[in-house]
Amino acid sequence: MKYICSIKSIVISLSVLSVFFFFSAPQVHSVTQTDLQTQINNKRLEKAALDAENAKLQVQIDASNKQAKTLQSAVKTLETTGKKLQNDLSVTSNKIDTTKLTIAQLGINIDTTKNSITKNQSAIKETLQALYRADDASLIQNFLEFKNINELWGAIESIHQFQTLVKQKTDELSRDQKNLEDQKSQNETQNKELTNLKAELVTRKTIVDQNKVAKSNLLTVTKNQETEYEKMLQANQKKGQQFEQELFQFESQLKAQLDPSKIPTERSGVLSWPLDKIVITQRFGKTVDAKRLYVSGTHNGVDFGTPVGTPVKSAADGVVIGMDNTDNQSGCYSYGRWLLIQHSNGLSSLYAHLSAYNVSPGQVVARGATVGYSGGQPGAFGSGYSLGPHLHFGLFAAEGVKVAKYSSSKFCKNVTIPVIEGLNAYLDPLGYLPPLN
């Protein structure tokens, strides 16, 4: 009987729900979703244009690097690289603007969702209160509220509408709560991305400045004369070979007792590529270039040709156990700016000739995370012994390498470098990287 008594209150409650759901004032924002989406689309078009320009500059840089090592080609490479670095700077700024717009868009979505949740909660609350008040009336009072039996039966038919609407709004409330959680999570992710992009912008500005200094230094040292440039290259190569010979002799005397069971078997895919685009300019071991450039006649890593400022990625999960810049000591022609990551699988990977870092000592990094930016431009601070822009990627048995100050060195005694305790600790990176396409 109490169910029948509440028929009139259901009709009243149905009207209450209608008032809340159809006449509640929407959230008003000074900038609309459409405005923000238009701005985001424009930013995407800007980035596409920058990417297209970068692709053209990349072709020019590659062509310059294939030319004979002359002062003219070196200056041309620096100038073209400078344009690309400025473009990279603009791309990062574009990403920052796009991320800010996305965060603003999420803010509107969150406000709208919160408003919808409040509206649903209020309507359901008012409905329950109306039902509670109506239940206090007597059976006769409830029946007397209707003019005739047709009105009564019409009200009874409204029960189904009432149930449907309440269920619909309850489902909407549950869905809105889930959407709110997702939107807040997306907002947090975008804010982290914004922080990272701002740090990247600072780093890229530093790389742009380094490129300008390298060009200025090159022209100053060579006095804009090809003969002086050739002398500089010969002197640099001689100093690089002197250090390489010293290090080779030192490491040859060390005989680390390596446990073979701690070194993973060579297998494709143990490591990931440290760059998105792979161009191998020198392989590991005894190669024609190794015989020409290194006293040992062997190359202790793999060189990847890549423009200055290219993101360098960790080959696997690990911990940064060392980083330094051998250019801090004048006359030390070695790795330049380098970092060493120790992995949990018994391997350690080296990234050298960097233009900038994106990590700090002791930091835990994930596979594929950007740990630095490539360099190797001769004359640029941090390039070390390098004849052109590239990344030197080395791989070692983890228990056979340590980070130490090379105090016994004649040329690099004041710098910290990875010291290999026996030549058997050197490994061929290509044995662990994915297959070449």
Side-chain angles (χ1 to χ4, degrees), residues 20-21 24-52 54 87-125 167-205 272-273 275-276 309-314 316-318 320 356-360 363-373:
F20 267 92
F21 294 124
S24 294
Q27 192 84 11
V28 178
H29 291 84
S30 58
V31 181
T32 66
Q33 285 277 24
T34 303
D35 293 334
L36 290 171
Q37 190 58 54
T38 299
Q39 293 179 55
I40 289 174
N41 291 339
N42 289 338
K43 287 296 176 183
R44 287 172 178 166
L45 291 174
E46 289 176 15
K47 183 177 180 298
L50 289 168
D51 288 341
N54 263 355
N87 258 19
D88 290 338
L89 203 60
S90 298
V91 168
T92 303
S93 295
N94 178 284
K95 289 179 180 179
I96 288 174
D97 292 340
T98 303
T99 304
K100 286 180 178 178
L101 290 169
T102 302
I103 290 172
Q105 208 174 40
L106 283 167
I108 292 177
N109 288 340
I110 289 172
D111 287 344
T112 302
T113 304
K114 285 181 177 179
N115 185 51
S116 178
I117 289 172
T118 301
K119 186 171 63 174
N120 281 328
Q121 288 174 333
S122 299
I124 293 172
K125 177 182 176 182
K167 184 179 184 306
Q168 176 189 341
K169 298 310 172 184
T170 302
D171 289 344
E172 284 182 12
L173 182 61
S174 176
R175 186 170 60 250
D176 285 343
Q177 292 283 10
K178 177 63 170 60
N179 287 341
L180 183 61
E181 292 174 8
D182 292 342
Q183 289 162 2
K184 286 182 176 179
S185 176
Q186 292 174 31
N187 192 59
E188 183 179 346
T189 299
Q190 290 295 322
N191 274 295
K192 288 181 179 178
E193 176 67 12
L194 183 59
T195 299
N196 292 336
L197 286 170
K198 286 180 178 178
E200 179 184 328
L201 187 65
V202 173
T203 301
R204 288 200 176 278
K205 286 179 178 177
S272 298
W273 293 110
L275 299 168
D276 288 334
T310 303
V312 175
K313 302 179 179 182
S314 176
D317 297 344
V320 180
Y357 296 122
N358 197 49
V359 292
S360 54
Q363 183 174 332
V364 176
V365 295
R367 178 190 292 259
T370 299
V371 294
Y373 296 88

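Residue numbers run from 1 in the order of the sequence given. Values below: every heavy atom of this structure, side chains too, minus hydrogens, waters and symmetry copies. Predicted, not measured: the structure shown is a model, and the values here were computed from it.
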*What pair of heavy atoms forms the shortest contact from T92 to L197, and how long is it?*
CG2-O, 3.6 Å
*Point-to-point distance, once rounded to the nearest 0.5 Å, from OG1 of T118 to CG of L173*: 9.5 Å
*Without swapping roles, check the side chain of N187 against the backbone of Q183 for a donor-acceptor pair under 3.5 Å.*
no
*May I ask you to check whether T370 and N358 show a side-chain donor-acceptor distance below 3.5 Å?*
no
*asked:* Looking at Q363, is its backbone amide N or carbonyl O close enough to the side chain of S360 to form a donor-acceptor pair, meaning the two atoms are under 3.5 Å apart?
replied: no
_How long is the straight-line distance from CG of D111 back to CG of L106, given to the nearest 0.5 Å?_
11.0 Å
*Smallest separation among heavy atoms of R204 and P311, with atom names*: NH2-CG, 3.9 Å
*Say you draw a straight line from CG of D35 to CD of Q105; how long is it, rounded to the nearest 0.5 Å?*
10.5 Å
*Hey, what do you get for CD (E193) to CD1 (I96), rounding to the nearest 0.5 Å?*
9.5 Å
*Write down the atom of V312, the atom of Y373, and the distance for their closest heavy-atom approach.*
CG2-C, 3.9 Å
*Polar contact flag, side-chain donor to acceptor under 3.5 angstrom, Q33-N109*: yes
_Taking every non-hydrogen atom, the tightest pair across S314 and A366_ = CB-O, 3.6 Å
*Could you grab the distance from atom OG1 of T310 to atom CG of D276, nearest 0.5 Å is fine?*
9.0 Å
*Let me see the working for N179 and T113 under side chain to side chain donor-acceptor pair (under 3.5 Å), right down to the final yes or no.*
CA-CA 7 Å; N179 287 341; T113 304; 5.8 Å; no
*If you take all heavy atoms of D317 and R367, which pair is closest and at what distance?*
OD1-N, 2.6 Å
*Using 4.0 Å as the upper bound for N to carboxylate O, is an ion pair formed by E188 and K192?*
yes
_Min side-chain heavy-atom separation E200-N196 under 4.5 Å_ = no
*Quick one: list whatever passes side chain to side chain donor-acceptor pair (under 3.5 Å) with T102, sequence neighbours left out.*
none
*Looking only at non-hydrogen atoms, find the nearest pair between V371 and K313 and report the distance.*
CG2-C, 4.3 Å
*Do the side chain of S185 and the main chain of E181 share a donor and acceptor less than 3.5 angstrom apart?*
no
*Using a strict cut-off of less than 4.0 Å between a Lys/Arg side-chain nitrogen and an Asp/Glu carboxylate oxygen, indicate whether K43 and E46 qualify as a salt bridge.*
yes
_CG on L45 to CG on L50, rounded to 0.5 Å_ = 11.0 Å
_Pair Q186, D182 - check side chain to side chain donor-acceptor pair (under 3.5 Å), show working._
CA-CA 6 Å; Q186 292 174 31; D182 292 342; 5.8 Å; no
